[in-house]
Protein chains: 4
Amino acid sequence: MTDEPTGPVRKRVRKPAEQRREEILDAAVAVFADQGYRAADCQDIADRAEVGKGTVYRYFETKEVLFLSTLTHVMEQLKSEAEAAVTVSGDPLEKIRAGVRAYLAFFDSQPEVVELVIQERAEFRERGSPLYFVYADNERGGWLALVQELADQGRLRVGNADAALRMLEDLLFGTVVSSRLSMDRRGLRERASEILDIFEYGVLAR
Amino acid sequence: MTDEPTGPVRKRVRKPAEQRREEILDAAVAVFADQGYRAADCQDIADRAEVGKGTVYRYFETKEVLFLSTLTHVMEQLKSEAEAAVTVSGDPLEKIRAGVRAYLAFFDSQPEVVELVIQERAEFRERGSPLYFVYADNERGGWLALVQELADQGRLRVGNADAALRMLEDLLFGTVVSSRLSMDRRGLRERASEILDIFEYGVLAR
Amino acid sequence: MTDEPTGPVRKRVRKPAEQRREEILDAAVAVFADQGYRAADCQDIADRAEVGKGTVYRYFETKEVLFLSTLTHVMEQLKSEAEAAVTVSGDPLEKIRAGVRAYLAFFDSQPEVVELVIQERAEFRERGSPLYFVYADNERGGWLALVQELADQGRLRVGNADAALRMLEDLLFGTVVSSRLSMDRRGLRERASEILDIFEYGVLAR
Amino acid sequence: MTDEPTGPVRKRVRKPAEQRREEILDAAVAVFADQGYRAADCQDIADRAEVGKGTVYRYFETKEVLFLSTLTHVMEQLKSEAEAAVTVSGDPLEKIRAGVRAYLAFFDSQPEVVELVIQERAEFRERGSPLYFVYADNERGGWLALVQELADQGRLRVGNADAALRMLEDLLFGTVVSSRLSMDRRGLRERASEILDIFEYGVLAR
DNA sequence: CATGAATGAGTCTTCATTCAT
DNA sequence: AATGAATGAAGACTCATTCAT
C-alpha cells in the first residue's frame, strides 16, 4: 500500500562518449555471446555496462545496430591482430604461419566471438553474407598474394593457389567454430603447429 | 474496414500418424531453414504442411521439440548416407574418400541443413553440444578405426591418427558451412577431389 | 517465493467474428472517449470488451486502426440517423429541420463522440481532414439541394444557399462541441427549436 | 558506425528572464501547434528557442505546465484584441459586430491556435473545462450586457438574450474550428459580414 | 482427431525529467 | 544560471500455446 523501497538509484556518472561506447560494446559482446541475440535483454546489457537502458539507446539506435556494431568491433580486433602478425618476417610461408597462429590465438583467447558470428547468421539471414565473411573477403587479396608468391618460388605442390588458400580458410574457420561448439577443450594455440603441418604436407606418407 | 479474420475453413482430413509426422517435419525443415528458428511462425509451418496449428502441436509438444526433431531428422539422413558410402570398398583410404564425397554431396544437395545447425547453436546454447557434434562424436569411432588402420599399414605420414581425423572433420565442417555462408557458388561435389588431395599430401612441395 | 496466485484465468469464449468486432468497437468508443487516444491502454479496451489483448489485435492490426475504425463506426451511425430523419416529409424546410433535430439528438445521446472527433484531430493531424469533415463533405450535396430548393421557391432571404448551409453546419458543429467541452448541462435536444428559430429568422427585430 | 551523440556545443548565453520566457513560449506555440502536444518533443522546443533543454525546465516545471502556459499566452492575446475592439462605438450592436470581427480576425491570422485548443481537450480531459471556455465564461458577462442592452432597446426579435448570445458563441467557435479542420480556404475575415447578416436576420424570408 | 480463435507473457523503444558539470 | 548526457517508467505489439467446438 505504501511506496515500495525504490532501491538504490544508480549514481549518475558522466564519461567521455568514446569511453561509454566502448564500455557498452564490451558489455554487449559478453551478453550477446552468453545469451544469444534474441534472448539478450537490452536491460542486461545496460546493467552490465552500468548505465541506464536509455543510455544504450543514446549510443546505438536499435538492438540490431548494437549487435552489428559489436560484431564489427571484434572483427576489427581480429583484423588488426592478423595484420600485425604478418609483419614478423619476409618469407611468405612464415608470414602465413604467423597469420594462422594469430588467428588461432585470437579465437583461443576470445572463443565467444564464434557465438557472435553464428548469431549474426541465425538472426540476420536476409542481410546477406555475414560480416565475418565480408571481412575475410576484404583481406583475401593480401593472403592470396602470399600464397602466389610461394607458387612463384616453386614451393607449392598444388597448381592452384586459390584453392590452397580457400582450403586454409575453411580449415581455420571449421577448426575455430568446431572447437567452440563441440566443447573441445584442447587449446587452439597448441594445435597450430599440428594444423600447419598437415596443411603443408598432408596426412599421407608418399 | 479491417481484415476480418476469416480464412477458408480447412477441410478435416485424417491421415496415418507417421505420414502426418513426416509431412510436418518436411515443412519444418523448409520453413526453419528459410526463416530461421525465431522468425519462423508455427502458423507458417502448419500452413505449409497443410494442417491446422493445433495438429502441429499434437505431434510435437513445443516449437523447440519440433525444431530439434527436424534437425534430428536431417542428421539421420546424413548419417545413413555416409554409412552407406563406406561400404563401397575394402581399402580404408577409399572408404574415407567415399565418406568425404558422400558428406560433401549431402550438403551440396541440401545446403540449407547448414542453417539448421547454426540455428540450433544460436537458439539452444544452453543445451550443450549441438546435435551435429553429438552425431559426429557418435560416428567418430568408426572413422578413427579407418584412419588407425591406415596408420597401422604405415601409410600415414603423421603419427597422430586422432589429430589427422580431427583435422579432416574441421576441414569438412568448415568447408560446408563456409560454402553456404559466404555464398560461394562452386559446388561442394566438384571440390571433393581437390580437398582430398590437399588433405592427403598438403600444399607444399617437398 | 512461491507461485503468485495467478488470478482467475479468463474463460475462453468463442463468438461470431462480427459480434466480437462490435463488442470491441463498443468498448473502444467508451475507453477512447473516456481516456483519450494516447492515455488509453489497449489492455483497458480488451478488459472492457472482456477479451484478451491478443484478440483485440486479431481484429484490428494496430491501435491506430482500431481508433479510426471506432470513429468510422460512430460516424456511420450519425449518417444513417440523419439520413433516416429527412424522409419524414416532402417539404425541404421540414427536412432540414428534421435533419438538425436528428443531428442534435445524436450528440445528445452520445456526447462522447465529440471526444473522438477531437482526438482524431489531436493525434492524427497528418492524416488531413478529420473523418467528421470527410463525412460532412460527402453528405453535403444532399443538404445543399434542399437549401437550393428553398431558394428556388423564393423562401430564402439570403442569396447564397451555400453560405446559408455552411453557416448551419458551423453552428451545429460549434453547438455540439461547445456543449460537450463547456460542460453545458442543457440538453441539445431541447435547444433544437431555439437554434432553428434563430437560424431561420435571426436575432434582431426588423 | 553509429551516430555518435556529439553535437555542436551551444554557447551559454544569459538573457533577461522575461525575454527568455517569451522566446520559449513562442517556440512552444509553433511546435505544439505543428506537432501536437504528445508528438512535440521538448528537445524540439528547446532547439527552436535556441536554449538547452534544461533551460526550458528552469522556466516551466513540466511539459504540461509549458503547454498550458502557452495556451494561456494566446488566450490573453485573443482577449485583449476582442476587448480593444468593443471600444470603437457606443452602440451595442456595433460593439458586438466589432467583437465578432476581431474574433474572426484573430483566428484568421493565427489559425493554429485552434490546434492548441483541441490539443488541450485531447490531452487534459480531466482538468475540466478547457481554458478556451474558461476565458469565454469570464468574458461572457460583458457580452451578455450588450445583448441585454439591445433587448432593452426593443431591438431583439427573440426574448432570450442568453440564448441569442449562446448561439453567437457556438456559431463563432464552430466557424473557427471548422474552418481550420475542414481546410476551408476562404478567409474568416471575409466571411464576417455574411455571418453577422445571417445571425441578425436569419436565412428565411418572412 | 483436427481445427483455429483466443490468450497474455515478454521486450524493444521513446521521451519527459533529472542533475553533474 | 545554463547545459545536455543520463535515466527508467510506460506501453504497443507478437506469437507460442491452449482449448472449446
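Here is the naming used below: chain letters follow the sequence lines, and residue numbers restart at 1 for every chain.
Taking the side-chain contact (heavy atoms from CB on, under 4.5 Å) definition, one finds that Q110(D) meets it with Q77(D), F106(D), E112(D), V113(D), sequence neighbours left out. Scored by the side-chain contact (heavy atoms from CB on, under 4.5 Å) test, R48(C) finds A27(C), A30(C), V31(C) as partners (sequence neighbours excluded).
Separating the CZ atom of F60(C) from the P atom of dA5(E) is a distance of 15 Å, rounded to the nearest angstrom. The nearest whole Å value for the distance from the CZ atom in F32(C) to the C1' atom in dG11(F) is 13 Å. One interatomic measurement links the two molecules: CD of E50(D) to P of dT3(F), which rounds to 11 Å at whole-angstrom precision. One can place CD1 of I45(C) at 12 Å from C1' of dG11(F), the figure rounded to the nearest angstrom. The distance between atom CD of Q35(C) and atom P of dA10(F), rounded to the nearest whole Å, is 15 Å. Taking atom CZ on F67(A) and atom P on dC12(E), their separation rounds to 14 Å, with Å as the unit. Protein atom CZ of R21(A) is 14 Å distant from nucleotide atom P of dA6(F), rounded to whole Å. In this structure, OH of Y59(B) is placed 7 Å from P of dC1(E), rounded to the nearest angstrom.
Rounded to the nearest 0.5 Å, atoms CG (D47(B)) and CG (D41(B)) are 8.5 Å apart. Here the CG atom belonging to L25(D) is positioned 10.0 Å from the CD1 atom belonging to I45(D), to the nearest 0.5 angstrom.
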Margin query: Set out, in order, the CA-CA distance, both residues' side-chain angles and the distance that settles side chain to side chain contact (heavy atoms under 4.5 Å, CB included) for E22(A) and Q19(A), then state yes or no.
Written below: CA-CA 5 Å; E22(A) 289 284 332; Q19(A) 187 185 344; 5.7 Å; no
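Residues in residues 28-39 of chain C take part in these salt bridge (charged side-chain N to carboxylate O under 4.0 Å, His left out) pairs, two or more places apart or across chains: R38(C)-E123(C). Sorted pairs that involve residues 55-75 of chain B and meet salt bridge (charged side-chain N to carboxylate O under 4.0 Å, His left out), not counting sequence neighbours, are lacking altogether.
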Note to self: Return a single string for nucleotides 13-20 of chain F, one symbol per nucleotide in 5' to 3' order, where B is base contact, S is sugar-phosphate-only contact and - is none, cutoff 4.0 angstrom on heavy atoms.
What the structure shows: BB-SBBSB
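Taking the C1' atoms of five terminal pairs at each end of the helix from dA2(E)-dT21(F) to dT21(E)-dA2(F), the two resulting helix axes are inclined by 0°, rounded to 10°.
For F60(B) and F67(B), the gap between ring centers reaches or exceeds 6.0 Å.
With the nearest nucleotide of DNA chain E identified for both P16(C) and T55(B), T55(B) has the one nearer the 5' end.
Of the N and O atoms on the side chains of E115(A) and Q119(A), not one donor lies less than 3.5 Å from an acceptor on the other residue.
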